[in-house]
Amino acid sequence: MAAHEGDKTKMISRRAVLIAGGELALSGVLVGQMYNLQVLKYDKYKTLAEKNRISTRYLAPPRGLITDRFGTLMARNDQNFRVLVVSEQTDGNLNITLDTLNKILPLSEHEIQRVRREVRRSRSYTPVIIRENLSWEEMARIQLNSPDLPGIIIDEGLSRYYPFAEQAGHLLGFVGPVSDKELEKPNATRLWKLPGFKIGKEGIELQHNDELCGKEGSQQVEVNAFGRVIREIERDEGEPGKTLPLTIDARLQKTAFEAFKDHSGSAVLMNIHTGEVLAFVSTPCYNPNSFNLGISQNEWDQLINNEKNPLLNKTIYGLYSPGSTFKMIVALAALEAGVITPSTEIDCSGYIMNGNQRFHCWKHTGHGKLTLKEAIMHSCDIYFYEIARRTGIDKISAMARRFGLGDSTDIGLPGEKSGFIPTRKWKETIRGEQWLQGDTFNVGIGQGDVLVTPLQLAVMVATIANDGVKVRPKLVMDDKPPVKETLNISKQHLRLVREGMIDVVNHPKGTAKVARVNIDGQKIAGKTGTVQVRRVSMKEREEGERKDLTWKEKNHALFVAYGPIDKPKYAVSVVVEHGESGGAVAGPIARKIFEECLKLDPCSPKENS
């Protein structure tokens with residue numbers, strides 16, 4: 001009995017030792033794991049815990065300002081009230097919240113679809129902008145009905161505003177929300193993904209978008225398990241976009257725009273020595289503020305259905321035959337080819353024959369015998385038909401190319417058109433047709449297949465005024481030296497052409513007497529151009545000008561000029577679509593621009609100091 005109880009006691013002792021040993025081993029494992037987690041891997045798990053508790057959100061910086069050359073604001077950011085929605089706070093009923101808001105603040109289907117799209121691609125609890133620039137009445141109605149609008153927030157933000165509106169719309173462009181297609185572009189940044197963030201869509205806003213966007217800021221906030229913000233821990237405002245000073249003089253921009261009144265067309269004013277563009281106008285124009293506020297369907301329909309194309313930047317997109325403004329190019333080509341001299345006379349009887357085809361001068365009775373200088377002053381077509389025939393299309397085309405016609409100016413705006421200068425090879429290769437002498441006649445007076453932009457015409461006349469030095473036009477002020485190219489054209493030939501242009505404006509028989517300027521003795525020189533947009537029959541020539549033409553059937557009116565004539569500094573080109581007469585319509589517009597330019601003299605050291 002005693003032996004049996006001893007054996008039983010020994011067995012219990014062994015079990016106790018095994019259990020105690022197991023517990024001790026398990027405790028060792030637990031202690032080791034706790035040490036591993038709390039000591040060895042402390043930093044790692046602390047970071048993970050912080051990430052679960054702290055959320056980093058990116059903030060959009062203020063967009064950079066755009067000014068004219070003297071600091072006048074042309075694009076700024078205004079404080080505005082806006083309505084936003086946090087989808088997760090709508091109690092799972094975003095559609096109901098938007099429907100309720102729609103009864104208080106009417107929303108377009110486009111706005112509703114945009115909000116839904118941005119909610120889908122945004123992080124949780126990220127506010128999405130529904131509409132900006134709320135009026136006090138709109139804001140008050142929303143606040144009054146806030147109990148029925150879960151997830152709706154009234155906030156204060158920044159909205160892009162353009163003080164000069166239509167006067168500089170095509171130049172500046174506008175900003176708008178980032179589209180899904182734009183997000184796929186290689187240059188899309190993290191900023192672009194922020195709800196409500198806007199980027200440049202046209203003009204300067206598009207071309208210099210990266211500089212104007214700035215650098216995003218960040219906000220660290222404490223969130224709960226559902227992602228709702230509890231408090232802000234840290235904020236970095238980022239860097240605002242750079243202020244962009246343009247070469248434009250806002251005063252001259254306004255003058256040029258208003259000079260057109262109801263006409264459709266374009267004007268460019270530039271410094272012939274630096275290439276700085278002082279006025280850059282295309283009219284009619286849209287109001288860029290309408291795109292920021294949300295353009296209505298009615299306003300959009302009016303823009304796209306307007307036959308004067310207010311959405312087209314005619315300064316760089318508009319292509320026109322240069323008409324008689326091209327005659328200076330033909331003259332320089334003829335002089336360089338040696339087919340005429342300054343004293344060469346050609347007799348104008350009112351028409352010239354090319355086989356069985358009659359080519360007319362604008363003056364039906366003819367000009368009689370003229371030298372080159374006189375032919376420029378009178379804009380005699382017969383003189384230029386003949387010297388174009390003697391020179392040949394290839395040499396005329398080569399001279400035009402040297403002046404930048406038919407090539408992009410590289411002014412730094414998206415989508416600039418190159419224009420077109422025809423050649424013999426082009427017609428034979430592309431059209432499969434032989435180049436005819438009649439084609440050369442048409443090119444000789446700037447018609448036919450010749451197409452240029454108003455900006456190219458400004459560069460052309462600036463080069464003539466600058467003694468054959470071509471300067472690249474620019475729109476942004478910087479410290480870089482002007483990009484220049486010396487064309488190696490005879491200064492004597494250029495002087496002769498300029499003398500003819502001086503007489504165009506200042507001689508009693510010049511074709512642009514109405515463009516005459518005299519500001520403290522400072523005068524200008526110029527050249528008119530009237531471009532046919534339809535064929536004129538012999539009957540119409542005999543009966544005289546028709547009065548029943550529609551707007552689109554009337555001739556284009558052009559005028560180019562430089563000044564002052566003694567020490568040239570500025571050049572201008574004006575194109576008036578279907579304006580009928582270069583001298584009578586385009587000339588007076590150029591005169592108004594030049595009068596103000598010479599009074600202000602914006603490129604003088606005094607003005608720029």
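At a threshold of 4.5 Å between non-hydrogen side-chain atoms, the residues L413 and F280 count as touching. Between H208 and I66, every side-chain heavy-atom pair lies at or beyond the 4.5 Å cut-off. At least one side-chain heavy atom of P473 sits less than 4.5 Å from a side-chain heavy atom of L455. Counting heavy atoms from C-beta outward, V517 and R591 have side chains that approach closer than 4.5 Å. At least one side-chain heavy atom of L335 sits under 4.5 Å from a side-chain heavy atom of L496. Counting heavy atoms from C-beta outward, C603 and L278 have side chains that approach closer than 4.5 Å. Taking 4.5 Å as the limit, every side-chain heavy atom of I352 sits out of range of all side-chain heavy atoms of R389. No side-chain heavy atom of V483 sits under 4.5 Å from any side-chain heavy atom of V471.
With T344 contributing its side chain and T341 its backbone, the two residues share a donor-acceptor pair below 3.5 Å. Side-chain N or O atoms of N442 include none that pairs as donor or acceptor with a backbone N or O of D449 at under 3.5 Å. At least one donor-acceptor pair under 3.5 Å links the side chain of S282 to the backbone N or O of K314. One N or O on the side chain of N287 and one on the backbone of N289 form a donor-acceptor pair closer than 3.5 Å. Panel note: side chain N77, backbone R63; a donor-acceptor pair is recorded below 3.5 Å. The closest donor-acceptor contact from the side chain of T72 to the backbone of D68 lies at 3.5 Å or more, if one exists at all. Although no hydrogens or angles enter the test, the distance criterion places a donor-acceptor pair under 3.5 Å between the side chain of Q447 and the main chain of Q532. Between the side chain of N271 and the backbone N or O of T274 there is at least one donor-acceptor pair closer than 3.5 Å. Between the side chain of S321 and the backbone N or O of G323 there is no donor-acceptor pair closer than 3.5 Å. Judged by distance alone, with hydrogens and angles left aside, the side-chain atoms of N466 form a donor-acceptor pair with the main-chain N or O of V469 at under 3.5 Å.
Salt bridge status for D249 with R69: absent, with no side-chain N to carboxylate O gap under 4.0 Å. A salt bridge links D381 to K327: at least one charged side-chain nitrogen sits closer than 4.0 Å to a carboxylate oxygen. Taking the charged nitrogens against the carboxylate oxygens, K509 and E374 have no contact shorter than 4.0 Å, which rules out a salt bridge. Comment: D467 engages R498 in a salt bridge, judged by a side-chain N to carboxylate O separation of less than 4.0 angstrom. Using a 4.0 Å cut-off between charged side-chain N and carboxylate O, E485 and K470 make a salt bridge. No salt bridge links E258 with K592; every basic N to acidic carboxylate O contact stays at or beyond 4.0 Å.
Ring centers of W362 and H378: at least 6.0 Å apart, outside the cut-off. Checked against the 6.0 Å centroid threshold, Y286 and F291 count as a close aromatic pair.
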Checklist entry - What do the steps show when you test D601 against Y570 for side-chain hydrogen bond (donor to acceptor under 3.5 Å, both in side chains), and what is the final call? => result CA-CA 9 Å; D601 196 10; Y570 305 107; 2.5 Å; yes
Item to check | Criterion side-chain contact (heavy atoms from CB on, under 4.5 Å) on I464 and F403, from CA distance to verdict | outcome: CA-CA 9 Å; I464 292 172; F403 275 82; 3.7 Å; yes
Next on the checklist: Show, in sequence, the C-alpha distance, side-chain angles and deciding distance for Q253 and L269, and conclude whether the side-chain contact (heavy atoms from CB on, under 4.5 Å) test is met.
Outcome noted: CA-CA 9 Å; Q253 182 77 11; L269 174 68; over 6 Å; no
Next on the checklist: Please evaluate residues E299 and S290 with respect to the criterion side-chain hydrogen bond (donor to acceptor under 3.5 Å, both in side chains), reporting the C-alpha separation (whole Å), side-chain torsions for both, the decisive distance (0.1 Å), and the verdict.
Outcome noted: CA-CA 9 Å; E299 189 176 357; S290 297; 2.7 Å; yes
Item to check | side-chain contact (heavy atoms from CB on, under 4.5 Å) assessment of M399 paired with E336 | outcome: CA-CA 9 Å; M399 181 63 71; E336 187 170 271; 3.7 Å; yes
Next on the checklist: Set out, in order, the CA-CA distance, both residues' side-chain angles and the distance that settles side-chain hydrogen bond (donor to acceptor under 3.5 Å, both in side chains) for Q456 and T409, then state yes or no.
Outcome noted: CA-CA 7 Å; Q456 289 173 349; T409 67; over 6 Å; no
Checklist entry - Could you walk me through whether T67 and L244 pass the side-chain contact (heavy atoms from CB on, under 4.5 Å) check? => result CA-CA 6 Å; T67 73; L244 196 67; over 6 Å; no
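Nearest heavy atom pair, residue I396 against residue I329, reads O-CG2, 4.2 Å. The shortest non-hydrogen separation linking G500 to I376 is C-CG2, 3.7 Å. Across every non-hydrogen atom of Y162 and F174, the tightest pair is OH-CA, 3.3 Å. In terms of heavy atoms, T463 sits closest to V459 at OG1-O, 2.7 Å. Heavy atoms only, all atoms of each residue included: P288 and G173 are closest at CB-O, 3.5 Å. Contact between R76 and L65 at its shortest, heavy atoms only, is CA-CD2, 3.8 Å.
Between the side chains of W435 and T440, at least one donor N or O lies within less than 3.5 Å of an accepting N or O. In this model, no donor atom of one side chain and acceptor atom of the other lie less than 3.5 Å apart for T371 and E345. No hydrogens or angles considered: a donor-acceptor pair under 3.5 Å links the side chains of T550 and E553. Under 3.5 Å, the side chains of T511 and S379 contain no donor-acceptor pair of N or O atoms. Checking S266 against T315 by side-chain atom types alone, a donor-acceptor pair falls below 3.5 Å.
Counting non-hydrogen atoms of other residues, nucleotides and ligands closer than 6.0 Å to CG of D262 gives a total of 12 or fewer. Within 6.0 Å of the NZ atom in K427, the count of heavy atoms belonging to other residues, nucleotides or ligands exceeds 12. By the neighbour-count criterion of 12 heavy atoms within 6.0 Å, atom NZ of K523 is sparsely surrounded, having that number or fewer from other residues, nucleotides or ligands. Residue-environment remark: CG (D520) stays at or below the threshold of 12 foreign heavy atoms within 6.0 Å. By the neighbour-count criterion of 12 heavy atoms within 6.0 Å, atom CZ of F359 is densely surrounded, having more than that number from other residues, nucleotides or ligands. Around the NZ atom of K369, the shell of radius 6.0 Å holds no more than 12 heavy atoms that belong to other residues, nucleotides or ligands. Within a 6.0 Å sphere centred on NZ of K308, heavy atoms belonging to other residues, nucleotides or ligands number more than 12.
Once rounded to the nearest 0.5 Å, the distance linking CD of E595 with CD of Q522 reads 12.0 Å. Rounded to the nearest 0.5 Å, atoms CG (N555) and NE2 (H578) are 9.5 Å apart. Here CD of E416 is found 9.5 Å from OH of Y317. Values are rounded to the nearest 0.5 Å. Atoms OG and NZ, from S264 and K552 in turn, are 10.0 Å apart once rounded to the nearest 0.5 Å. Between E596 atom CD and T255 atom OG1 the span is 4.0 Å, to the nearest 0.5 Å. Note that SG of C285 and NE2 of H170 are 3.5 Å apart. Values are rounded to the nearest 0.5 Å.
Residues forming a salt bridge (Lys or Arg N to Asp or Glu O under 4.0 Å) with E499 (at least two apart in sequence, or on another chain): none.
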